[in-house]
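Structure first, commentary second.
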Amino acid sequence: MLLYDYWFTQFDFPDNDGNPYQTSGGKMVWNDTLKRNIPENWKVQSVISNCLSSIIKPGVKIFNTKTYLATADVKGTSISTGTIVDYDGRESRANMQPSINSVWFAKMKNSIKHLYLNKEMQSIISSSILSTGFCGLQCNEISFEYIASYVSNAYFEIHKDMLAHGATQEAVNNDDLAGVHIIIPEDTVLRAYHEATQAIYAQISKNICENQELVKLRDWLLPMLMNGQATINN
């Protein structure tokens with residue numbers, strides 16, 4: 001997202017006078033962790049331990065049937081129909097509970113799969129469980145858009161891939177994520193970003209939900225058309 005880069009890479013978020021911060025001479029200080037200057041009073045923490053989000057642990061609530069979304073069911077931010085499972089019969093990897101204001105990414109190397117679950121995604125949140133191949137970050141209402149933008153930024157995926165390891169399938173674990181750093185802006189800037197981007201992420205989520213419903217409709221209609229149970233009128 002260009003707005004994220006403008007605010008948190010170039011650090012030209014609006015200052016108290018509405019001018020771009022760094023370009024207008026806002027004070028920058030050296031950060032030893034990032035090896036670069038960042039705005040004064042901002043902090044740097046890790047993805048695994050920071051004041052804006054927390055890692056979601058495995059475990060799901062008891063249910064009758066839900067849609068299981070494996071990492072293969074997500075491409076970019078698009079979601080397929082998944083697989084219907086019950087609580088007792090689900091596979092061991094089907095063990096992550098989605099929640100409102102949570103951000104998810106695939107742990108595997110070279111695998112860009114992101115879920116941004118705000119209140120507009122409630123239908124998916126309430127009807128789905130996720131694979132342990134995803135890592136979830138629980139945010140609050142104010143930090144959600146910032147964390148979602150950070151995860152979608154190329155820097156995050158490049159850094160994640162650099163730390164991935166494994167004999168058969170390279171991926172990151174929680175210890176690896178301790179080496180992925182995130183800038184923590186001042187609260188006023190964080191709130192301003194939330195207000196500027198909330199409607200954008202809300203619309204993105206609505207589009208994703210609508211697309212998923214269209215995929216379900218297609219998958220239901222196509223077999224009927226192929227075996228002659230349904231026809232298309234001219």
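Hydrogens, waters and symmetry mates are skipped; everything else that's a heavy atom, side chains included, is used.
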Under the salt bridge (charged side-chain N to carboxylate O under 4.0 Å, His left out) rule, collect the residues that match up with [X], sequence neighbours excluded.
{"X": "E120", "value": "none"}
{"X": "E40", "value": "K27"}
{"X": "E170", "value": "K109"}
{"X": "R191", "value": "D187"}

message: Applying side-chain contact (heavy atoms from CB on, under 4.5 Å) to L130 and L115, what does each step give before you reach the verdict?
response: CA-CA 10 Å; L130 305 176; L115 295 171; 3.9 Å; yes
N/O donor-acceptor pairs under 3.5 Å from side chains in residues 143-160, not counting sequence neighbours:
from	atom 1	to	atom 2	distance (Å)
S143	OG	L52	O	2.9
S143	OG	N140	N	3.1
S143	OG	N140	OD1	3.1
E145	OE1	H194	ND1	2.8
Y146	OH	I183	O	2.4
S149	OG	E145	O	2.8
S149	OG	Y193	OH	2.7
S149	OG	Y201	OH	2.8
Y150	OH	H181	O	2.7
S152	OG	A148	O	3.3
S152	OG	S149	O	2.9
N153	OD1	Y155	N	3.0
N153	ND2	D5	OD1	3.0
Y155	OH	H159	ND1	3.2
E157	OE1	K160	NZ	3.0
E157	OE2	H114	NE2	2.8
H159	NE2	G179	O	3.3
K160	NZ	A106	O	2.8
K160	NZ	M108	O	3.0
K160	NZ	S111	O	3.3

My understanding is that only residues two or more places apart in sequence, or in another chain, count here; which of them pass side chain to side chain donor-acceptor pair (under 3.5 Å) with [X]?
{"X": "T132", "answer": "none"}
{"X": "T23", "answer": "D12"}
{"X": "N101", "answer": "none"}
{"X": "E91", "answer": "none"}

Pairs satisfying ring-ring contact (aromatic ring centres under 6.0 Å, His included), at least one member in residues 57-80, at least two apart: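 Checked against ring-ring contact (aromatic ring centres under 6.0 Å, His included) - neighbours excluded - the pairs reaching residues 57-80 are F63-Y87.
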By ring-ring contact (aromatic ring centres under 6.0 Å, His included) - contacts of F11 (at least two apart):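 By the ring-ring contact (aromatic ring centres under 6.0 Å, His included) rule, F11 matches W42.
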Measure from the side-chain N and O atoms of [X] to the backbone N and O of [Y], and report whether any donor-acceptor pair falls under 3.5 Å.
{"X": "Q45", "Y": "C51", "result": "yes"}
{"X": "T197", "Y": "I200", "result": "no"}
{"X": "S127", "Y": "S123", "result": "yes"}
{"X": "K66", "Y": "I129", "result": "no"}
{"X": "Q138", "Y": "I100", "result": "yes"}

If you group Ile, Leu, Val, Met, Phe, Trp and Tyr by side-chain heavy-atom gaps below 4.5 Å, do [X] and [Y] land in one group?
{"X": "I204", "Y": "I125", "result": "yes"}
{"X": "I182", "Y": "Y4", "result": "yes"}
{"X": "F8", "Y": "V44", "result": "yes"}
{"X": "L190", "Y": "I38", "result": "yes"}
{"X": "M28", "Y": "I184", "result": "yes"}

Are [X] and [Y] close enough that some pair of their side-chain heavy atoms sits under 4.5 Å apart?
{"X": "M121", "Y": "C209", "value": "yes"}
{"X": "C135", "Y": "L177", "value": "yes"}
{"X": "C139", "Y": "V103", "value": "yes"}
{"X": "Q203", "Y": "K206", "value": "yes"}

Heavy atoms only: give me the nearest [X]-[Y] pair and the separation to one decimal.
{"X": "F13", "Y": "P39", "answer": "CE2-CG, 3.8 Å"}
{"X": "I56", "Y": "Q97", "answer": "CG2-O, 4.2 Å"}
{"X": "P20", "Y": "Y6", "answer": "CB-OH, 3.7 Å"}
{"X": "L34", "Y": "N31", "answer": "N-OD1, 2.9 Å"}
{"X": "S24", "Y": "N19", "answer": "OG-CB, 3.3 Å"}
{"X": "L163", "Y": "V172", "answer": "C-CG1, 4.0 Å"}

- request: Could you verify whether a donor N or O on one side chain and an acceptor N or O on the other, from N50 and S53, lie under 3.5 Å apart?
  value: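 The criterion, which ignores hydrogens and geometry beyond distance, is satisfied for S53 and N50.
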Expected list for residues 77-84: side-chain donor-acceptor pairs under 3.5 angstrom, two or more places apart:
from	atom 1	to	atom 2	distance (Å)
S80	OG	D73	O	3.3
S80	OG	D73	OD1	3.2

Kindly compute the distance separating [atom1] ([X]) from [atom2] ([Y]), expressed to the nearest 0.5 Å.
{"X": "R36", "Y": "W30", "atom1": "CZ", "atom2": "CH2", "answer": "9.5 Å"}
{"X": "E195", "Y": "I142", "atom1": "CD", "atom2": "CD1", "answer": "7.5 Å"}
{"X": "Q122", "Y": "S205", "atom1": "CD", "atom2": "OG", "answer": "11.5 Å"}
{"X": "I62", "Y": "D86", "atom1": "CD1", "atom2": "CG", "answer": "12.0 Å"}
{"X": "Y21", "Y": "Q10", "atom1": "OH", "atom2": "CD", "answer": "15.0 Å"}
{"X": "N174", "Y": "S49", "atom1": "CG", "atom2": "OG", "answer": "11.0 Å"}

